[in-house]
Amino acid sequence: MAASGLRALTGDAAALPGPGGLGVRLAARLRELIRDAGALRPGTVLPPTRAVAAEFGVSRGVVVAAYEQLTAEGFLAGRQGSGTRVADLGAGAHPAPKAPPPEEAARPGVPDLGGFPRGRWLAAYRQALTAMADGDLGYGDPRGHARLRTELAAHLRAFRGADASPDALLVVGGAADGLTLLADTLAARGRPRIAVEDPSSPRAHALLRRRGLEVTGVPVDGEGLDVEALREPGRLGAVLLTPAHQYPVGIPLSAGRRHALVRLAREHGFLLIEDDYNGAFRYDREPPGCLQGLAPDVTALLGSVSKTLAPALRLGWLLAPPAWAPRLVHDRALTHPTGHTLDHLAFAHLLHTGDYTAHLRRYHSRRLHLTTELAAAAPHFTPLGAPGGLHLPVALPPWSREAEVLAAVRAEGYDVQGLGECALTPPPPDRPGGGLVIGFAALTPAAITHLVGVAREAGGPPPPPGAPPPPR
């Protein structure tokens, strides 16, 4: 298709209706032509972004942003050397993988790996190789390259409200790597008891226990972690929590709870470990700032690019209180005497240019599609939590059984987790009700529609009026 042909379909760019900037409106019009009008058929090759920009009289960045947005949503598919094509939306209705192994079926927060910015990452890698000094190929600073720590500290201050400085940051191999380092330090300090939100990530529970810690649960309600339910705070070494978007129920920790928890941590001398795994994603307003910015003296902030770029990069950060930093750096130097300097410098380049923050604005439409499908096709399934993150927790109706719905959707290849699986003491598998934790970031619109249909069928129809409620 020529750029003039695309313009004939969309109309004049400046006159496109709808809210948002020109790139947003252009993406909306193209989405409509693909999904609703059918004017852009599957397999149609769209004109290059430079040609479209010249035809419409706009900057190329506007067109690139529109193409990238629709690629992230699954409406377009781009491959190196073959251009950008209209995707076959029906092809995503039945995902190829069947019955993922159990250990892989519980990763609902994986980003859209097909949307990884390969071109920008390659350019950042080339820039890093060109600019790096010979000394950068040595062992280096165990905290990570100074340039990345500088850029990362600025990013965390600006976008997460953190109290961050380059000297206080430690670059690690993902949030799990940072949590392992903190767990070992807790054990060495002789305070091996750690409280976690209940429900929360089963993988975190397993990791902490493997490092020799005693894990105890704290219930979660509509304001997040119930601070008043913390038992024997004087015996705690730490509390692990997800205050920006609680995993799995999606509740942000309220302001009152934040202050109460900080007061308790200072009074009893335990550490707050803040896993900011989804802090960058909020769709109705700006995400809440991190807890560390409120209390840097008692809070360790963990973050990574596993949810924002790709888990395979193994890039994360640990921002710890000053009293903890020397021991953490010492232990890091023993176990990881050198970092992945090229990756550090490439990521620093993405942060410096703003490409990283631009990449984050991707997933709102997928969450909206999921909630819309649930409302239309499965109205008895109730979305939970705040509009943020890369997963949607959904309460099942009381006549359904979590285990049966999970078995059905996993058999279709979906990485869906059960809410019951996230409890420290999981409920019996035959208990009615329960819930799902649905990761939507890596799903096309058609795959989301299919998932909802499978879950609805597995959940069963509502009981007839007057029927007794299922036993609990």
Side-chain angles (χ1 to χ4, degrees), residues 99-111 172-189 191-220 225 230-231 235-243 245-250 270-278 300-307 311-312 314-318 328 331-332 335-336 389-391 393 402-403 406-407 410 414-429 431 434-439:
E103 65 272 15
E104 292 302 319
R107 291 188 178 272
V110 176
V172 292
D177 186 31
L179 183 58
T180 299
L181 192 58
L182 288 168
D184 290 346
T185 305
L186 283 169
R189 284 184 164 212
R191 298 189 70 170
R193 192 180 196 202
I194 185 167
V196 301
E197 298 163 319
D198 191 8
S200 55
S201 167
R203 294 176 182 274
H205 309 163
L207 184 153
L208 294 168
R209 290 190 177 107
R210 176 162 290 194
R211 309 312 292 188
L213 301 189
E214 175 192 351
V215 179
T216 181
V218 185
V220 173
L225 181 140
L230 275 171
R231 299 186 300 272
R235 291 186 56 206
L236 287 176
V239 175
L240 172 63
L241 70 163
T242 51
H245 190 254
Q246 199 278 332
Y247 188 88
V249 299
F270 59 78
L271 180 70
L272 302 176
I273 303 176
E274 178 179 13
D275 184 356
D276 200 38
Y277 78 106
N278 258 351
L301 178 69
L302 289 172
S304 80
V305 302
S306 295
K307 301 290 189 292
R314 305 317 306 146
L315 267 174
W317 49 89
L318 168 56
L328 292 170
D331 291 353
R332 186 69 178 171
T335 58
H336 295 77
L390 299 185
H391 73 273
E402 181 180 298
L406 279 175
R410 286 175 177 172
Y414 292 103
D415 293 345
V416 175
Q417 193 169 48
L419 278 175
E421 295 176 329
C422 298
L424 260 67
T425 304
R431 186 192 72 166
L436 306 177
V437 185
I438 303 173

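Atom set for the values below is all heavy atoms of this structure, side chains included, hydrogens, waters and symmetry mates excluded. Computed from a prediction, not measured in an experiment: that's the story for all the values here.
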Would you say the side chain of P111 lies within less than 4.5 Å of the side chain of P311, judging by non-hydrogen atoms? yes

Original post:
Is the backbone of V215 close enough, under 3.5 Å, to the side chain of H205 for a donor and an acceptor to pair up by distance?
Top reply: no

With a 4.5 Å limit on heavy-atom distance, are the side chains of V249 and P199 in contact?
yes

*asked:* Pair R191, E214 - check side-chain contact (heavy atoms from CB on, under 4.5 Å), show working.
replied: CA-CA 9 Å; R191 298 189 70 170; E214 175 192 351; over 6 Å; no

All heavy atoms of G389 vs all of N278, minimum pair found to be CA-ND2, 3.2 Å

Here the gap from Q246 atom CD to E197 atom CD, rounded to the nearest 0.5 Å, amounts to 4.0 Å

Strictly distance-based, threshold 3.5 Å: is any side-chain N or O of E274 a donor or acceptor partner for the main-chain N or O of A300? no

Rounded to the nearest 0.5 Å, the CD atom of Q417 sits from the CD1 atom of I438 at a distance of 12.0 Å

Before you tell me yes or no, could you show the steps for V220 and D198 under side-chain contact (heavy atoms from CB on, under 4.5 Å), namely the whole-Å CA-CA distance, both residues' side-chain angles and the distance that decides it to 0.1 Å? CA-CA 6 Å; V220 173; D198 191 8; 5.9 Å; no

d(R231 CZ, T216 OG1) to nearest 0.5 Å is 4.0 Å

Rounded to the nearest 0.5 angstrom, the OG-CG distance for S200 and L424 is 6.0 Å

dist R193:CZ -> L208:CG (nearest 0.5 Å) comes out at 14.0 Å

Would R314 and S306 satisfy side-chain contact (heavy atoms from CB on, under 4.5 Å), going step by step from the backbone distance to the final call?
CA-CA 7 Å; R314 305 317 306 146; S306 295; 3.4 Å; yes

| query | Taking C-beta and beyond as the side chain, do L328 and L318 meet within less than 4.5 Å on heavy atoms? | reply | yes

Value for CD (E421) from CG (L436), rounded to nearest 0.5 Å, stands at 9.5 Å

If the plane angle is over 60° it's perpendicular, under 30° parallel, otherwise tilted; pick one for Y247 and Y277.
perpendicular

Between C422 and P202 the two heavy atoms that sit nearest each other are CA-CG, 3.9 Å

- Query: Just wondering, do P192 and L213 contact through their side chains at under 4.5 Å, heavy atoms?
  - Reply: yes

Do you see a donor-acceptor pair shorter than 3.5 Å between the side chains of T180 and R211? no

| message | Counting C-beta onward and ignoring hydrogens, is there a side-chain heavy-atom pair between R410 and D415 closer than 4.5 Å? | response | no

* Identify whether the distance between the nearest side-chain nitrogen and carboxylate oxygen of K307 and D276 falls below 4.0 Å. => no

For I194 and L236 the tightest heavy-atom approach is C-CD2, 4.3 Å

Q) Does any non-hydrogen side-chain atom of V305 lie less than 4.5 Å from one of W317? A) yes

Looking only at heavy atoms, the pair that brings S304 and G174 closest together is CB-CA, 4.1 Å

Do L230 and V239 come close enough that some side-chain heavy atom pair is under 4.5 Å?
-> yes

Taken in chain and number order and not counting sequence neighbours, the residues that satisfy salt bridge (Lys or Arg N to Asp or Glu O under 4.0 Å) with D275 are none

Legend entry - Side chain to side chain, I273 and L179, heavy atoms closer than 4.5 Å: yes

